[in-house]
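Naming: A, B, ... by sequence-line order, numbering from 1 per chain.
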Protein chains: 2
Amino acid sequence: MAGNDHPELKLRLTLRGGEWLGPGKADLLEGIAETGSISAAGKRMKMSYKRAWGLVEVLNGMFREPLVTSSRGGAGHGGAELTETGHAVLRLYRQMQANAVSATEAEIAELMQLTDIPDRK
Amino acid sequence: MAGNDHPELKLRLTLRGGEWLGPGKADLLEGIAETGSISAAGKRMKMSYKRAWGLVEVLNGMFREPLVTSSRGGAGHGGAELTETGHAVLRLYRQMQANAVSATEAEIAELMQLTDIPDRK
DNA sequence: CGCCGTTATCTCCGTCAGGACATAACGGAA
DNA sequence: TTCCGTTATGTCCTGACGGAGATAACGGCG
């Protein structure tokens, strides 16, 4: 019951100068996939709609095909969802994350031994 | 010309909330090790001395033992160098980076295939 | 002693990412 | 036609980050 977040490893993949994929955009994609809405996904991450929408715009511009499609009005009063490419990107990022964590476990453990977290008793 | 940096993977290891080790601090440590000076290392990265010094202070507070020792005046007119712990942290981070890159090569390649970089003929 | 280059601090300022808020468009449903 | 919740897009503002520059301390050396 340490309550420790466990040291966390975050990845940022820079595709081109100024364009990158990191934890924030990945979480947003996941949120959109789960909520079906940009605003709901943004709210869940406690970011403004404006920012969430901006990130989606950037994401859509980074790849050949858009990662998110959205619609206004209509039956469900509008919404958004991931395209096939969107799902693929999210899955690949998560896979990268998992692979990276397991490939660096040893070094992370060593680094943690050098930190102050003394296990307090 | 292509001039492409090749996609680059950056790691950020969060030890505790608000305390993390990333590419910036690692490069700074490396710079201090090579130049023997906080200001020179900072200048090399085009950051102000104030910022470089602040990062060093944070780094020293993140681990049980300081990573950087510094001295004013004296024979060499002052300077800084990495402690044994400092060298260890830098080495471990570089190792993490290398391991993570090779562990995610496949996914990175797949992601790049989805990007716009079309080789422009 | 006075010189020198670095560390160590401080204060002032410009920049800018991002939040808060306002507005409009959309389009099926009631 | 009105209602609704979401997308889409703008303006205004604040707060934090970090640079620029000044100042002082340090401590061997000449």
Using whole Å, what does the distance between atom P of nucleotide dA17(C) and atom NZ of Lys46(A) come to?
24 Å

Give a yes/no answer on whether the side chain of Ser39(B) brings an N or O atom under 4.0 Å of OP1 or OP2 in dT7(C).
yes

Let me know which of Val89(B), Leu15(B), Leu67(B) forms a side chain to side chain contact (heavy atoms under 4.5 Å, CB included) with Met62(B).
Leu15(B)

Give a yes or no on whether a donor-acceptor pair under 3.5 Å exists between the nucleobase atoms of dT11(C), that is its base, and the side chain of Lys50(B).
yes

Given 3.5 Å as the limit, does a donor-acceptor pair link the side chain of Arg64(B) with the main chain of Gln113(A), or not?
yes

Under 4.0 Å between any heavy atoms, over every strand shown, what does Gly74(A) touch: base, sugar-phosphate, or nothing? Just pick one.
base

Rounded to whole Å, the OH-C1' distance (Tyr49(A) to dA22(C)) equals 14 Å

Test side chain to side chain contact (heavy atoms under 4.5 Å, CB included) applied to Ile32(A) and Leu90(A), Ile38(A), Asp27(A), the passing residue
Ile38(A)

Among the nucleotides dT7(C), dG28(D), dG28(C), whichever has the atom closest to the side chain of Ala75(A) is dG28(C)

Could you give the NZ-to-C1' distance, from Lys43(A) to dG19(C), as a whole number of Å?
14 Å

Partner of Pro7(B) under side chain to side chain contact (heavy atoms under 4.5 Å, CB included), picked from Thr115(B), Ile108(B), Leu111(B), is Ile108(B)

dC26(D) phosphate, OP1 or OP2: any side-chain N/O from Ser71(B) under 4.0 angstrom?
no

dG19(D), dG28(D), dT7(D): which one has an atom nearest the side-chain heavy atoms of His77(B)?
dG28(D)

Which part of the nucleic acid, if any, lies within contact of Gly78(B), taking any heavy atom under 4.0 Å across all strands shown: a base, the sugar-phosphate backbone alone, or nothing?
sugar-phosphate

Would you kindly compare Arg72(A) and Ala80(B) by the position of their nearest DNA chain C nucleotide and give the one closer to the 5′ end?
Ala80(B)

Figure out the CE/P separation between Met45(A) and dG18(C), and round it to whole Å.
12 Å

Would you say the side-chain atoms of Thr104(B) pair up with the backbone N or O of Glu107(B), donor to acceptor, closer than 3.5 Å?
no

Tell me: CH2 of Trp53(B) to P of dA22(D), nearest whole Å?
20 Å

For dT7(C), does either OP1 or OP2 sit under 4.0 Å from a side-chain N or O belonging to Ser37(B)?
yes

Taking CD from Glu81(A) and P from dT6(D), how many angstroms apart are they, rounded to a whole number?
15 Å

When the distance from CZ of Arg51(A) to P of dT11(D) is rounded to whole Å, what number comes out?
20 Å

Among dG27(D), dC4(D), dA8(D), which nucleotide has an atom closest to any side-chain atom of Ile38(A)?
dA8(D)

